[in-house]
Amino acid sequence: MPREYTPLEQVRLEKIRQLREMGIEPYPNRSNRTHTTQQAIEAFLEAERAQQPGPTVTVAGRLRAVRQLGRITFAHIEDGHGRIQLAFQADVLGKDRLKFFNKMFDIGDFLEATGPLFRTRTGEITVRVEDFKMLAKAITPLPAEKRTKHTPFSDPELRYRQRYADLAVHPEVREIFRTRAAIVRALRNFLDAHGFLEVETPILQPLYGGAAARPFITYHNELEQFLYLRISFELYLKRLLVGMFERVYEIGRDFRNEGISFKHNPEFTQLEFYVAYWDYFTLMDFVQEMLRHVAREVLGREQFTFQGHTIDLAQPWPRIPLRQAVLDRTGIDVAEHPDGESLYQAMRAKGIQPPRPAPRGKLIDWLLSTYVEPELIQPTFIYDYPRDISPLAKSKPGDPNTVERFELFIGGMELGNAFTELNDPLDQEQRFLEQGRAFAQDDEERHPMDEDYLQAMRYGMPPNAGFGMGIDRLTMLLTDRPSIREVILFPHLRPEEGTRRPPVGIEPLMRALQQFQREKPASGENREA
RNA sequence: GGGCGCGUAGCUCAAGUGGCAGAGCAGCGGCCUUUUAAGCCGUUGGUUGGGGGUUCGAGUCCCUCCGCGCCCA
């Protein structure tokens with residue numbers, strides 16, 4: 001059932017009724033637009049240069065402002081390209097038609113108007129309306145119909161819940177998403193130009209992997225199979241290297257069943273690519289070039305402002321070992337602490353209190369994100385990471401606790417993550433087993449054993465390096481937005497009170513779960529060896 | 001998960017230590033043929049997020065639930 005209509009909406013419903021009574025369809029099937037607002041203005045300027053009279057056009061769009069002055073009414077309509085002014089004059093249309101417009105058309109309605117273009121006394125290019133037609137009557141008034149300085153539409157909750165209204169009244173919000181599309185386009189162009197193949201790998205996966213994150217779980221009724229929404233593309237893209245593709249990339253959605261913050265949304269867009277015969281240092285050079293390219297394509301320059309900081313991609317990007325970065329900011333040399341217990345004691349001795357004792361890698365990661373990451377405003381590569389939180393990265397020769405991995409930070413955020421990829425199937429199997437031992441059984445962030453991935457690797461995987469990057473965060477940087485929600489069209493929010501519904505079609509899943517519970521001891525999926 | 005803050009008309013916001021719920025914009029009725037946040041006159045509109053409590057009296061104080069924001073894990 002629809003909600004109750006507000007008094008303002010009832011006024012407009014009454015107008016719909018009256019239009020129909022007059023034989024006028026308030027939602028006709030077709031428009032006869034001949035010009036966008038932009039094309040109309042260009043056509044007028046061309047005629048003006050040729051000293052021709054203004055051409056007659058039919059424009060269409062949403063009514064955004066109305067000024068009634070008695071025997072003339074000025075209005076502005078907006079379409080996807082801009083705005084144009086309409087003049088409804090009694091001595092052109094007749095008094096009755098003018099009155100009809102004034103009474104029946106409201107801000108927010110879509111309409112089309114036909115007439116010759118002219119300049120008003122103040123010089124604005126305007127349609128002298130000879131005919132007009134309702135295209136779609138709006139029932140709910142747009143928030144902040146008048147774009148006044150005093151009453152902007154700014155309630156963040158309403159802006160995200162009703163993004164359509166946000167977009168309808170905020171051209172600058174529409175611009176964010178045009179920029180976002182330009183960023184993705186620039187990335188594709190760059191990768192395609194460098195011989196990469198764009199691929200699509202499963203979103204529904206029998207086993208999740210490739211990152212440390214908790215997954216969403218779903219269920220296929222016909223196959224009677226539990227499935228996960230992917231948390232990364234990594235393991236499938238690397239299977240493709242076994243299949244002799246040398247350079248592959250995917251741009252798509254990842255899903256992580258975790259908290260929501262200014263830089264986290266449960267679903268987000270990721271770029272990952274893998275290159276045979278490269279290592280992580282080759283990648284650093286390439287990533288640097290790629291992001292400079294994107295900035296040039298999207299912004300036209302390699303400098304931009306993010307939250308008051310001027311970020312310059314053209315400057316050299318520092319490369320700092322993780323050990324050094326943590327030592328500089330905390331005075332702790334993680335290399336002196338080969339296990340979690342020792343490192344934990346060292347942190348406490350410095351008065352640094354992590355939330356809880358944890359494995360060595362997790363403690364180092366906590367030090368990194370707490371003391372180092374927020375300081376890294378200019379693009380910076382931090383490299384050489386703890387082995388125990390990087391089960392898919394190749395060890396650094398001669399340093400068993402460290403792997404060849406880097407993360408890229410810009411604007412105080414982690415933007416990308418990369419390794420020289422582990423391609424030794426025996427080492428990989430050991431890593432999976434270590435994950436099973438080092439992490440608690442109920443720690444969903446531990447990387448599960450993936451036997452099929454090992455099988456792929458046993459056929460031989462070329463040495464390679466891979467990179468992953470959050471498109472949403474890159475968009476935040478290039479559009480200077482403080483929150484990931486500003487760059488996601490429909491960010492996730494809690495359901496409003498009264499809109500929670502019982503799930504539809506959940507019965508097969510419930511039956512399967514009960515069955516699974518009964519059979520668990522004998523046939524648990526995803527068992528560790 | 002924890003801390004702080006917020007929720008009042010369609011939108012943006014007011015409303016001393018508890019004392020008649022208001023303004024601008026929009027809406028509705030008028031006047032006005034060159035406006036650009038048009039102007040002028042008049043006017044409608046509220047379960048103050050939901051529920052409970054204290055009180056003669058609650059937007060305001062207390063409890064609880066819901067949602068949102070910021071900070072922390």
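In what follows, chains carry the letters A, B, and so on, assigned in the order in which the sequence lines appear, proteins first and then strands, with residues in each chain numbered from 1. Everything numeric in this text was worked out from a predicted model, so none of it was measured.
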Basic-acidic side-chain contact under 4.0 Å: [X], [Y]:
X: A/D131; Y: A/R97; answer: yes
X: A/R128; Y: A/E130; answer: no
X: A/E14; Y: A/R17; answer: yes
X: A/R20; Y: A/E25; answer: yes

Atom-pair distance (CG on A/D166; P on B/C11), nearest Å: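 In whole Å, B/C11 P lies 14 Å from A/D166 CG.
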
Contact under 4.0 Å: A/R494 side-chain N or O vs B/C66 OP1/OP2: no

If we call it a pair only when both distances are under 3.5 Å in a Watson-Crick or G-U wobble match, what pairs with [N]?
N: B/U43; result: B/G27
N: B/A58; result: none
N: B/C6; result: B/G67
N: B/A73; result: none

Sole residue of A/D166, A/T179, A/L167 in side chain to side chain contact (heavy atoms under 4.5 Å, CB included) with A/R174: A/L167

Please list, pair by pair, any protein nitrogen or oxygen found under 3.5 Å from a nitrogen or oxygen in nucleotides 2-7 of chain B.
none

Sugar-phosphate, base or nothing in reach of A/K15, heavy atoms under 4.0 Å: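 If one applies the 4.0 Å heavy-atom cut-off, A/K15 turns out to touch the sugar-phosphate alone, with no base involved.
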
N/O donor to acceptor pairs below 3.5 angstrom from side-chain atoms of residues 98-111 of chain A, sequence neighbours left out:
residue : atom : partner : partner atom : Å
A/N102  : OD1  : A/T73   : OG1          : 2.9
A/D106  : OD1  : A/K15   : NZ           : 2.9
A/D106  : OD2  : A/K15   : NZ           : 3.0
A/D106  : OD2  : A/K137  : NZ           : 2.7
A/D109  : OD1  : A/A138  : N            : 2.9
A/D109  : OD2  : A/D106  : N            : 2.8
A/D109  : OD2  : A/K137  : NZ           : 2.6

Per-nucleotide protein contact string for nucleotides 29-34 of chain B (B base, S sugar-phosphate only, - none; heavy atom under 4.0 Å): SS-BBB

Euclidean distance, A/M134 CE relative to A/I24 CD1, rounded to 0.5 Å: 8.5 Å

Donor-acceptor contact present, side-chain A/H447 to main-chain A/G210, <3.5 Å: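 At least one qualifying donor-acceptor pair exists.
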
